[in-house]
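Data block below; observations after.
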Amino acid sequence: MKTINPEGLSVIILAGEFAGQEGVCLGKAPEPGKWAVSPDGSDRVVYLEFETEFGILINKGQRPGRN
């Protein structure tokens, strides 16, 4: 099974203060198993676990039902 690297990709935040918001994955965080994510419209960086606390956003900006 291929491992996905979310670095640089648009993401959807699933947990925490910014749950439900989009953002971008900046890369690995200093905490083991976490990634640095910057929520859109914020200057904050949060450390989240990939696939449980955030996931990759596919086809950002397309019309609903087209992705």
Side-chain angles (χ1 to χ4, degrees):
M1 183 173 175
K2 184 178 177 183
T3 302
I4 298 172
N5 179 355
E7 185 173 353
L9 299 178
S10 294
V11 300
I12 184 76
I13 300 169
L14 304 172
E17 178 182 353
F18 296 98
Q21 295 185 28
E22 297 177 9
V24 65
C25 179
L26 303 174
K28 291 218 176 230
E31 296 179 29
K34 301 276 184 163
W35 294 83
V37 174
S38 178
D40 288 351
S42 172
D43 60 356
R44 303 246 330 257
V45 174
V46 292
Y47 300 152
L48 302 171
E49 188 175 322
F50 181 47
E51 293 184 328
T52 58
E53 297 179 310
F54 79 96
I56 296 172
L57 187 62
I58 299 174
N59 293 333
K60 181 178 179 180
Q62 280 196 348
R63 293 189 313 250
R66 302 248 340 168
N67 53 4

Inset, instruction - Output all residues satisfying side chain to side chain donor-acceptor pair (under 3.5 Å) with Glu53, sequence neighbours left out; order by chain, then residue number. - result: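 For Glu53 the side chain to side chain donor-acceptor pair (under 3.5 Å) partners, ignoring immediate neighbours, are Lys34.
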Are [X] and [Y] joined in one hydrophobic group, where the rule is that I, L, V, M, F, W and Y side chains link up if heavy atoms are under 4.5 Å apart?
X     : Y     : answer
Leu48 : Ile56 : yes
Val11 : Val45 : no
Trp35 : Leu9  : yes

Legend entry - Heavy-atom pair of closest approach, residues Pro6 and Cys25: O-CB, 3.2 Å
Please tabulate, for side-chain N and O atoms in residues 12-19, each donor-acceptor pair with protein atoms closer than 3.5 Å (sequence neighbours left out).
from  : atom 1 : to    : atom 2 : distance (Å)
Glu17 : OE1    : Arg44 : NH1    : 3.1
Glu17 : OE1    : Arg44 : NH2    : 3.2
Glu17 : OE2    : Arg44 : NH1    : 3.1

Legend entry - CZ-NZ distance between Phe50 and Lys28, expressed to the nearest 0.5 angstrom: 10.5 Å
